[in-house]
Each structure stands twice: as C-alpha cells, then as structure tokens.
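Residue indices begin at 1 and follow the sequence shown. Counting convention: from 1, in listed order, for ligands and their atoms alike.
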Amino acid sequence: MIKFSQVLFLLNAVWTLTRGDADVFCQLGQSCILPCSFQAGDEAVIHWIQQPELTKKQVHSFFHHKDQLDQQDARFKNRTSMFHDQISKGNASLRLTGVILEDEGRYMCYTSILAGKEEFFVNLKVYAPVQDVNIQHLGNEIICSSDGIYPEPALFWTPDQTDQKIRLTQTEQKLYSIRSSVPSADSMDVTCTVSTPAGRRRATLESTVHENILGTETSISCSNLTPFTMYIWRFNHSEEMVRGTPQGPHSPTEKWQQHIVESSLEKLTLKQLQPNLTGIYTCEVWSDQETSVKSFFLHVTEDNNMNTIGIIVGVVVGVLVVVGVAVVVAVCCSRNKSKKKQDNSVL
Ligand SMILES: *[C@@H]1O[C@H](CO)[C@@H](O)[C@H](O)[C@H]1NC(C)=O
Ligand SMILES: *[C@@H]1O[C@H](CO)[C@@H](O)[C@H](O)[C@H]1NC(C)=O
Ligand SMILES: *[C@@H]1O[C@H](CO)[C@@H](O)[C@H](O)[C@H]1NC(C)=O
Ligand SMILES: *[C@@H]1O[C@H](CO)[C@@H](O)[C@H](O)[C@H]1NC(C)=O
C-alpha cells in the first residue's frame with residue numbers, strides 16, 4: 001500500500017513547476033516589486049533567494065504565517081517586504097526598496113504548500129535613467145554631457161558630427177558619465193541624444209541669441225507646451241527656484257522670492273538684475289509622456305562706462321524627450337492605476 005507521504009512526494013515531483021524567467025527593471029534608488037504567484041494553499045513557505053546558482057543570498061523568507069528574517073543577508077536588511085494580506089491568495093511578490101546596483105541578478109521565488117512546491121525566477125536589472133542632458137557653448141565648441149546613468153549610455157549628434165570627441169567615465173558607484181564636444185557652427189541647430197536601453201533624452205541647441213537689454217528687469221519665456229502636469233524653473237541645472245502646476249505657480253523658494261516678479265510657465269520675470277544672477281535658467285515641463293527642457297543663458301554684466309547694466313541673453317533651447325521612461329510609466333500606470341512613478345514596472 002502506498003503511504004500518504006509517498007503520494008505527497010510524487011505530487012511534489014509533478015508539481016515542481018519551473019516557468020520562464022521574468023525580467024524586471026528597477027530604477028536605482030527607487031522601490032520595486034519582484035512578482036511571484038503560486039497556487040494558494042495552507043502552510044505556505046516562501047523563500048526569496050538571490051543568485052541561486054552561485055553564492056546564494058537569503059533575501060526574504062515567510063513561513064508559519066510570518067516573516068522569518070534570521071538568515072537574511074545583511075544587504076537586504078530593512079529593504080524587503082511581502083504583501084501579507086495577499087499571500088493567502090497566492091501572491092508571493094516581494095517589494096524591495098532603495099534599489100542598488102548590487103541588486104542586479106537572478107532571484108528565485110520558492111514556494112511550497114502541502115500539495116506541492118513551485119520555483120519561479122526573476123531577472124532583476126537596475127537602471128538609472130538619463131535624467132538631464134546639458135548642452136552648452138564653450139569657446140568654439142558645443143559640449144553635451146550627462147551624468148549618473150546606468151547601464152552604459154550611447155551619445156549621438158544630429159546632424160551627424162564627424163569631428164566629435166567623446167569621453168565615457170564611470171564613478172566608483174559604477175554610474176556612467178558621458179561627455180562629447182564638437183566644433184561649433186553658428187548657422188545650424190544641433191541635437192544631442194543620450195540613450196540607454198531604458199530610455200533616452202535629447203537636448204537641442206537651437207540658437208544662441210545675444211541681446212542687450214537695458215534696465216533692471218528681464219523676462220524669459222518657456223514654451224507653450226500642451227497638457228502638462230508640472231513645471232519647474234531651475235537655476236544652473238540644479239537649484240529649484242519655483243514650480244507650478246496647471247492651476248498656477250507655487251511660491252518661489254525663499255532665496256528666489258526677492259528676485260522674481262512673475263513665474264508662470266510662459267514667463268519668468270527677474271527684477272534688479274545683479275551679477276550673481278548670471279547663469280543658466282531652465283524650465284522643465286513634465287507631462288505623462290515626456291519631459292521637455294528649455295535652457296537660457298543669462299549673462300548680467302556691468303558696463304561701467306555707460307553706467308548701465310547690459311544684459312546679454314543667450315538662448316539655449318533644449319528639448320528632452322524621454323522615450324523609454326515614458327513606456328515604463330505607461331506600463332506602470334495601466335497596470336496600477338495609481339500614478340506613483342517610484343514603483344517598478346514589469347516589462
Ligand atoms: C501582489 O500584490 C501586490 C500588492 O497588492 C501587487 O502590486 C502585485 O501586482 C501582486 N502580484 C501578483 C503576482 O499578483
Ligand atoms: C533597520 O531598522 C532598524 C529599526 O528601524 C534599525 O535599528 C537598524 O539599524 C536598521 N538596519 C539597517 C541595516 O539599516
Ligand atoms: C545675490 O546676492 C544677494 C546679495 O547681494 C543675495 O541676497 C542673493 O541671495 C544672491 N542671489 C543668488 C541667486 O545667489
Ligand atoms: C551659475 O553658472 C554660471 C555659468 O556656468 C556660473 O558662471 C555662475 O557662477 C553660477 N552661479 C552660481 C550662483 O552658482
């Protein structure tokens with residue numbers, strides 16, 4: 001007579017399912033969900049293991065109806081969680097927060113219930129999207145650069161530049177910086193595109209206009225970009241001055257309040273121009289699908305002879321289009337109606 005334990009063993013053998021790996025793309029520093037589902041049943045035992053073929057690392061375990069983290073690898077401390085209310089429904093997905101590059105690799109989701117066990121594999125790939133492409137005129141060169149990218153980016157110019165110098169470097173954290181310079185030509189527009197498999201952005205140097213404005217106030221206008229969710233005016237590419245939504249602008253930061261007269265999407269008006277306002281003013285416009293950026297170089301000079309302030313306004317217009325990230329967001333939002341962009345999506 002066949003014993004019950006033998007039946008179980010047979011069932012186990014039959015039910016050990018190995019499906020194809022799922023690829024999951026997680027944004028560096030954000031949180032991410034590693035999907036796994038299993039046939040729901042009693043006494044579920046779940047183990048998430050990184051690099052099951054090599055140096056196994058215990059990522060997260062759950063059994064006896066609770067998390068079991070005694071054996072958890074130090075690198076995953078405080079960064080993992082499971083959806084406890086979903087486990088009884090066969091959802092063994094793992095939420096990982098603060099994603100780092102070392103998280104890349106293959107993960108096994110092992111589940112076992114009285115009636116059988118299952119293994120499912122997830123390939124986690126980390127990306128750091130192209131966030132900002134800077135383009136500027138320096139001497140008789142045009143320089144395009146972008147930092148903090150992963151995996152290795154590519155850069156190309158349109159129209160094609162035969163005489164480009166390109167430099168790719170990697171920080172200790174393995175993030176890439178790319179920089180390319182081409183001789184400047186005064187007549188035409190150049191576009192620089194930085195891309196990775198996860199997405200790309202473009203910046204266009206449309207023209208450089210030098211204009212002398214007399215007086216103490218100047219206005220910079222952004223674009224008439226259609227449906228947007230948010231815009232941000234920044235100084236020198238990083239410092240935020242003011243942001244707004246379709247309902248209108250918020251108040252400028254304390255430091256900028258004294259300099260700003262008006263700050264809508266269409267127009268940024270600065271008063272009492274002084275030399276420390278020299279710099280690059282950028283307006284970023286976000287919509288669901290893309291980000292567009294226009295940069296303006298404002299040079300405030302004092303002309304002692306004329307006893308006036310001459311302002312040279314160089315206009316650098318950049319348009320950044322995020323293709324890949326838009327796709328990621330589209331997938332994310334169609335699956336999960338909340339518009340949180342920090343969660344991952346499974347491609
Ligand atoms: C598991 O539950 C989480 C949280 O509700 C959800 O985001 C995820 O899509 C679910 N995964 C599966 C495989 O059902
Ligand atoms: C995890 O969180 C606890 C409590 O919040 C804290 O004491 C501990 O230092 C954290 N561990 C790590 C590795 O961050
Ligand atoms: C410019 O200098 C003034 C003092 O002269 C200071 O109050 C202001 O914060 C400075 N603005 C910027 C943008 O650095
Ligand atoms: C802003 O950038 C310009 C040009 O790169 C530089 O000359 C200026 O010193 C910067 N201003 C501040 C306040 O950092």
field: Polar contact flag for Ser37 and ligand 1 (N/O pairs, less than 3.5 Å)
entry: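 Such a contact does not occur with ligand 1.
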
- prompt: Looking only at heavy atoms, which two atoms of Ile178 and Pro153 are closest? And how far apart?
  reply: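 Ile178 and Pro153 have their closest heavy atoms at CD1-O, 3.8 Å.
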
task: May I have all residue pairs that pass ring-ring contact (aromatic ring centres under 6.0 Å, His included) and include part of residues 72-104, sequence neighbours excluded?
output: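 Applying ring-ring contact (aromatic ring centres under 6.0 Å, His included) to every pair that reaches into residues 72-104, excluding sequence neighbours, yields Phe62-His84.
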
Is there a side-chain contact between [X] and [Y], using heavy atoms and a 4.5 Å cut-off?
| X | Y | result |
| --- | --- | --- |
| Pro249 | Tyr231 | yes |
| Leu270 | Met241 | yes |
| Glu104 | Lys125 | yes |

query: Heavy atom of Pro35 under 4.0 Å from ligand 1?
result: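 Contact check Pro35 vs ligand 1: negative.
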
Show the distances, to 0.1 Å, for all pairs joining an N/O atom of ligand 3 and a protein N/O atom that are shorter than 3.5 Å, listing one pair per line.
{"residue": "ligand 3", "atom": "2 (O)", "partner": "Gln274", "partner atom": "OE1", "Å": "3.2"}
{"residue": "ligand 3", "atom": "2 (O)", "partner": "Asn276", "partner atom": "ND2", "Å": "2.3"}
{"residue": "ligand 3", "atom": "5 (O)", "partner": "Gln274", "partner atom": "OE1", "Å": "3.4"}
{"residue": "ligand 3", "atom": "9 (O)", "partner": "Gln258", "partner atom": "NE2", "Å": "3.3"}
{"residue": "ligand 3", "atom": "11 (N)", "partner": "His259", "partner atom": "NE2", "Å": "3.1"}
{"residue": "ligand 3", "atom": "11 (N)", "partner": "Asn276", "partner atom": "ND2", "Å": "3.1"}
{"residue": "ligand 3", "atom": "14 (O)", "partner": "Asn276", "partner atom": "ND2", "Å": "3.3"}

message: Once side chain to side chain donor-acceptor pair (under 3.5 Å) is applied, do any residues pair with Thr196, and if so which ones, sequence neighbours excluded?
response: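 For Thr196 there are no side chain to side chain donor-acceptor pair (under 3.5 Å) partners, ignoring immediate neighbours.
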
message: I'd like to check which ligand 1 atoms, numbered from 1 as shown, lie under 4.0 Å from a non-hydrogen atom of Asn91.
response: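 Under 4.0 Å from Asn91, ligand 1 has these atoms: 1 (C), 2 (O), 3 (C), 8 (C), 10 (C), 11 (N), 12 (C), 14 (O).
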
task: With sequence neighbours excluded, tell me which residues meet side-chain contact (heavy atoms from CB on, under 4.5 Å) with Ser251.
output: Gln257

